[in-house]
A.B. asks: 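Supplied in structure tokens, the structure appears directly below.
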Amino acid sequence: MKVDLGIWTKLNRAVICLFVLASLAGIGLWYWPVVQENERLRRSLLETEQELRKEAELARRMDAALNSLEHPKTVERLARERLGYAKPGEKIIHFEDTTPAVTPERR
């Protein structure tokens, strides 16, 4: 048997709905700092992973350069190019760049 209490039934439902909404809002406010910290940590993780990729690429290039120095021909070529060394009987010719660094503008 249903008894209609008039406005009290509607008020009870409204109070229960408001209580549920307030509880959800309270839970949301409670966890908001945790959500922000999670976002900050994810950004930090992405930056760290990007830095790790850069460092891995640098390590790969340095390893390749180190491995190339194990060959005597490479060491000889570097000594000739960078240090100006030559074998006995060879002549070294240096070429100078004759183009001006800054070209004046004409009017």
A.B. asks: Looking at Glu90, I want to see if its CD is surrounded by more than 12 non-hydrogen atoms of other residues, nucleotides or ligands under 6.0 Å.
C.D. replies: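 Atom CD in Glu90 is crowded, with more than 12 foreign heavy atoms closer than 6.0 Å.
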A.B. asks: Any chance you could measure Glu76, atom CD, to Lys87, atom NZ, to the nearest 0.5 Å?
C.D. replies: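 Going from CD on Glu76 over to NZ on Lys87, the span is 4.5 Å.
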A.B. asks: Thinking salt bridges, do Arg77 and Glu81 make one under a 4.0 Å N-O criterion?
C.D. replies: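 Salt bridge flag = yes for Glu81 with Arg77.
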A.B. asks: Table please: side-chain donor-acceptor pairs of residues 30-38 below 3.5 Å, with sequence neighbours left out.
C.D. replies:
{"from": "Glu37", "atom 1": "OE1", "to": "Arg40", "atom 2": "NE", "distance (Å)": "3.4"}
{"from": "Glu37", "atom 1": "OE2", "to": "Arg40", "atom 2": "NH2", "distance (Å)": "2.5"}

A.B. asks: So how far is it from Leu24 CG to Leu29 CG, rounded to the nearest 0.5 Å?
C.D. replies: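 Between Leu24 CG and Leu29 CG, I get 11.0 Å after rounding to 0.5 Å.
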A.B. asks: Quick one: CG on Leu11 to CD1 on Ile16, what's the gap to the nearest 0.5 Å?
C.D. replies: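 Going from CG on Leu11 over to CD1 on Ile16, the span is 11.0 Å.
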A.B. asks: Check whether any side-chain heavy atom of Leu45 lies under 4.5 Å from a side-chain heavy atom of Glu49, and answer yes or no.
C.D. replies: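 Contact flag for Leu45/Glu49 side chains = yes.
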A.B. asks: Enumerate donor-acceptor pairs with a distance under 3.5 Å from any side-chain N or O in residues 62-71 to protein atoms, sequence neighbours excluded.
C.D. replies:
{"from": "Asn67", "atom 1": "ND2", "to": "Asp63", "atom 2": "O", "distance (Å)": "3.3"}
{"from": "Ser68", "atom 1": "OG", "to": "Ala65", "atom 2": "O", "distance (Å)": "2.7"}

A.B. asks: Look at Arg60 together with Glu57 and state whether they make a salt bridge at an N to O cut-off of under 4.0 Å.
C.D. replies: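 Looking at Arg60 and Glu57, the cut-off is met.
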A.B. asks: For the NZ atom of Lys54 and the CD atom of Gln50, what is their distance to the nearest 0.5 Å?
C.D. replies: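 So the gap between those two atoms works out to 5.0 Å.
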